[in-house]
There are 2 protein chains.
Amino acid sequence: MKKKDIKILLVDDEPDILEIVGYNLSNEGYQVFTAENGHEGVKKAKKEQPHLIILDVMMPEMDGIEACELIRKNPDLNNTIVTFLTARGEDYSQVAGFDAGADDYITKPVKPKVLVSKVQALLRRFKEEDVSDTVKVGNLVINRDEYKITSKGKEIILPRKEFELLSLLASKPGKVFKRDEILDTVWGNEVVVGGRTIDVHIRKLREKLGDDSFKTIKGVGYKFVD
Amino acid sequence: MKKKDIKILLVDDEPDILEIVGYNLSNEGYQVFTAENGHEGVKKAKKEQPHLIILDVMMPEMDGIEACELIRKNPDLNNTIVTFLTARGEDYSQVAGFDAGADDYITKPVKPKVLVSKVQALLRRFKEEDVSDTVKVGNLVINRDEYKITSKGKEIILPRKEFELLSLLASKPGKVFKRDEILDTVWGNEVVVGGRTIDVHIRKLREKLGDDSFKTIKGVGYKFVD
DNA sequence: AGAATTAATGCAAAAGTGATGCCAAAAAAT
DNA sequence: ATTTTTTGGCATCACTTTTGCATTAATTCT
């Protein structure tokens, strides 16, 4: 997504803040909307579906917390990031804010640079949530980051060697891996293990993931099929 | 962010400088790119999006100041730190440099050690700006500013190492952090501690935040789950 | 082709290894 | 003086590898 397609809604009752923060964000290329109180904020949020909402806590009419709660109740705004703007040391608002469903909060006074990089960080984090280091193979999802496998929605934790063996085989479904190749990759060139080691691991994988996922090619090696 | 993921762009017309500075930074583990004049520098900056640019002031074709101005105009390079490289006593360039948007400057001749520690300091500052004061993760609220954790509305004060360890693990819930990674981040690359240090800290966190928040992946590392 | 031979793999349990948990005490920091 | 951090020694547990034998598939022999 390009910067100019990203919408940010700014809600604060102080025009000064609105202006300076708004200016900096516009300058960065974001599309900025503003509102001067909670009511208006919620209304604009519904209308514009912003990606990020920066919400002052202390406001007349409707404070930020209440507004946030309303926003969170709206299913259309589920993916929206909400950040509070609060004076340093206002402990209560922090806790209450997070309870209300905020994702982060920024302390006033805000330095433009800090603000901008914070906004960028938030949007980045938000983006990255979907892009975890994960590979789909057949009905398996292999997540190297979390060292876990998801098979048909069921989560399976595998020990290291089993995980790496499966990773290897599943990396090219259908391909037959020779025992040598497997040893080289999973165990390493230097390590020497007995002849029964591999198939014991294969057996464990078969126990855990179903017999038919692993096929033996006698005299050659194994392959994973989906 | 790991060192090897940090990109540094070096722009100087003297190959000697390029080599010695580049060598020292590569040696530290950074990813180093080089360019021999302003034009090339700006081009590479756009392409590689480095985190830090070290820019010689006096160069043919396009001098550092002009290059810096161009860099600063590019919104994608807003988070990039620019530091000038200048001969001692070139007062004028200093002033002009800061005007052009530089963050720091380094005087030639450069001593490797000084250079490296300066680079580290700059990157640290950069990092801190990027990290939010407060982050919400699961039912935890981590406040880096005040070094405290709020769990289900209850406030918990953690000692430094425990706090940083938790911060790290909770920064990516579900992700498995290898022991090495943890050591690198929490203890620093240079520090060497015994093998039992990490798990003692993990144990303390488990005592304080509940056993099941931290999962051990044997042979790999630990992960935080919410 | 069918039987016999040979080689490779499957299997279960046992043994081995190594990583982690845990404690208590020393060392460092505050 | 108190709190935090690190260490070293053990105990323990999870994972890995071995072992010995059964089974199966491929190959060779009649």
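Taking 4.5 Å as the limit, every side-chain heavy atom of A:Thr216 sits out of range of all side-chain heavy atoms of A:Asp199. At least one side-chain heavy atom of B:Ile54 sits less than 4.5 Å from a side-chain heavy atom of B:Val119. A 4.5 Å side-chain heavy-atom check between B:Phe214 and B:Leu166 finds at least one atom pair inside the cut-off.
In this structure, the CD1 atom of A:Ile217 is 15 Å from the C1' atom of C:dG10, given to the nearest Å. Rounded to whole angstrom, the span from the CZ atom of B:Arg203 across to the C1' atom of C:dA24 amounts to 10 Å. Between the P atom of D:dT4 and the NE2 atom of B:His201 lies a distance of 11 Å, rounded to the nearest Å. Remark: C1' of D:dT17 and NZ of A:Lys204 are 10 Å apart, rounded to the nearest angstrom.
Residue contacts for B:Thr197: at a heavy-atom cut-off of 4.0 Å it reaches a base atom on one of the strands shown. If you check every strand for non-hydrogen atoms under 4.0 Å, B:Tyr222 touches sugar and phosphate atoms only. Looking at heavy-atom distances under 4.0 Å, B:Lys161 makes contact with sugar-phosphate atoms alone, never a base.
Counting heavy atoms of neighbouring residues, nucleotides and ligands inside a 6.0 Å radius, atom CD of B:Gln49 exceeds 12 of them.
Heavy-atom nearest nucleotides on DNA chain D were determined for A:Lys218 and for A:Val200, and the one closer to the 5' end corresponds to A:Val200. Mapping A:Glu162 and A:Arg196 onto DNA chain D via the closest heavy atom, the residue that lands nearer the 5' end is A:Glu162.
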